[in-house]
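Accompanying notes for the structure given below.
One-based numbering along the sequence shown. Remember, it's 1-based here, ligands and their atoms both numbered in the order they're listed.
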Amino acid sequence: MALSRTIVIAGAGIGGLTAALALAARGFRIVVLEKAERLEEVGAGLQLSPNASRLLVELGLTERLAPRAVTPEAVSIISARAGGELFRMPLGEAAAKRAGAPYWVVHRADLQSALAGAIADHPDIDLKLGAAFEDVAPHAHGLTVVHRSGTIRRSDLACALIGADGIWSAVRQHIAADVKPRFSGLIAWRGTFDAAELPQEYSARRVQLWMGPNAHLVAYPIAGGGQINVVAVLPGSWNSPGWSTPGEAREVMEAFAAPRWPLAARTMLGAVESWRKWALFGVPESCPWSAGPVALLGDAVHAMLPFAAQGAGMAIEDAAVLAGHLSLEAAESEAGIEAALTQYGLARQARVRRVQRTARQQGRIYHLTGPFALARDVAIRALGPERMLSRQDWIYGWRP
Ligand SMILES: Cc1cc2nc3c(=O)[nH]c(=O)nc-3n(C[C@H](O)[C@H](O)[C@H](O)COP(=O)(O)OP(=O)(O)OC[C@H]3O[C@@H](n4cnc5c(N)ncnc54)[C@H](O)[C@@H]3O)c2cc1C
């Protein structure tokens, strides 16, 4: 008996939903399991550089996404030590022309709902909410994937299982139980404020990156420009899992105290109504990408520090590469599926590792203190906007 042409994807985050659309376009029937009852508006802003936006455009998402996405004109690199902007790296038209796709910033919920909307319209994709992946058993006809909705256990027959279930992946437990996320010692604090609340300079269509002693701050408009997303990154020892733990404004304001941090940064932080925090973990580079007919994708295999702004981008790229390797012909045999999934992992590893390392290195640079911060500022100024943009070519110019 031939294998089923169904692929089960665990996780309806950005990676899982993109993979569902990309694999359905290759002729597969897709079941997406999502443990949450609803795709809620948890989270805040995500940056989608051209390497990722290009793939979303190719999947036909422009109409659903563009009205909610913002195209920033530039990234302002600002040093708390120098008290102002070091320079502005052009994004907008400049980045789009160079890389052939837009640079977008978007609320995670807007991206997720654009993807979910396209999935709802697709006859070959079944999104099951409130269905947590629980177990997988291989047999002669493929895999039986077991999931739980409340007290009820159900199963689906599939030729492959894709674990897109995020940093605390249950699928990863099945193929690499010894791989555990590692705490980085850093905590991201996130909040938003109404763009109309502060003078225009605070809500310009720019990504602002503020570097300072042992901390940094990123701010950009989301929700069509109506809100400003603020993320402050600080060292700390609190390391509970989760994306949305309420946090005390006082703690953030103390970390960004004057005179080390200029008034403009403190004004922006002060405008945030309520803070949420999440501890920053990474999945070790040694994590395997696949085992037999089971593969991992996105944060499940390579959760990284967000300082290269590529967490969502890498998950979207994974989805495209995975779909490029899986075909209905490959799915005719177990050996074909396994070979395709192995090739997928091999195709992704080197690039993702380089991005993970870049993110770690950028975090160290952003948080430099004393004479090291001075040297950093001089070096960044000397680099200038054009050379800074060309240094991103290997990330933004990528194609599957
Ligand atoms: C609620 C939430 C809020 C976030 N907010 C931000 C943010 O503000 N800024 C930022 O940079 N990044 C945020 N992220 C992370 C960001 O979305 C990811 O780094 C990136 O998009 C890669 O996504 P992913 O699809 O690999 O994983 P994720 O986006 O983490 O998605 C994983 C999905 O799998 C589901 N899942 C987990 N376990 C199971 C299971 N056993 N069975 C079925 N489903 C399961 C989860 O509910 C989730 O929907 C957030 C992630 C989540 C889950």
Please work out whether any backbone atom (N, CA, C, O) or any side-chain heavy atom from C-beta onward of [X] is under 4.0 Å from ligand 1, and answer side chain, backbone, both or neither.
X	answer
Ala131	backbone
Met314	neither
Pro306	neither

Should you measure from each heavy atom of [X], which atoms of ligand 1 turn up under 4.0 Å away?
X	answer
Arg190	8 (O)
Ala312	20 (C), 21 (O)
Ala315	22 (C)
Phe133	40 (C), 41 (N), 42 (N), 43 (C)
Gly166	27 (O), 30 (O), 32 (C)
Leu33	43 (C), 44 (N)
Gly298	26 (O)
Gly311	20 (C), 22 (C)

Has [X] got any heavy atom lying under 4.0 angstrom from an atom of ligand 1?
X	result
Gly45	yes
Ser169	no
Ala36	no
Ala164	yes
Trp168	no

Contact check, side chains of [X] and [Y], non-hydrogen atoms, under 4.5 Å:
X	Y	result
Gln227	Pro221	no
Val218	Pro306	no
Val355	Trp394	yes

Between [X] and ligand 1, is there a nitrogen or oxygen pair with a distance under 3.5 Å?
X	result
Gly15	yes
Ile14	yes
Glu34	yes

- Task: Pick whichever of Leu46, Ile316, Asp299 has a heavy atom sitting closest to atom 26 (O) of ligand 1.
- Result: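 Heavy atom nearest to atom 26 (O) of ligand 1 belongs to Asp299.
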- Task: Would you mind finding which of Gln47, Arg108, Lys35, Arg276 brings a heavy atom closest to atom 4 (C) of ligand 1?
- Result: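 The option holding the nearest heavy atom is Arg108.
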Side-chain H-bond candidate by donor/acceptor type, [X] with [Y], under 3.5 Å:
X	Y	answer
Asn229	Thr192	no
Ser155	His147	no
Ser76	Glu85	yes

- Message: Check for me whether the distance between the ring centres of Trp210 and Phe256 falls short of 6.0 Å.
- Response: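 No, ring centres 6.0 Å or more apart.
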- Query: Is the gap between the ring centers of Tyr396 and Tyr103 under 6.0 Å?
  - Reply: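 Yes: the rings meet the under 6.0 Å criterion.
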- Message: Within the supplied structure, the quantity of interest is the number of heavy atoms (other residues, nucleotides, ligands) at a distance under 6.0 Å from Glu273 CD; does it exceed 12?
- Response: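 No, not enclosed.
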- Query: Atom CZ of Arg364 and atom CG of Leu305: how far apart are they, to the nearest 0.5 Å?
  - Reply: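 That separation rounds to 9.5 Å.
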- Message: Nearest 0.5 angstrom please: Leu161 CG to Ile9 CD1, how far?
- Response: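 Output value for this atom pair is 9.5 Å.
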- Message: Quick test of your reading of the model: are Glu134 and Arg153 salt-bridged, counting only N-O distances below 4.0 Å?
- Response: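 Salt bridge: yes.
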- Query: Is the closest basic N to carboxylate O distance between Glu317 and Arg351 below 4.0 Å?
  - Reply: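 Salt bridge: yes.
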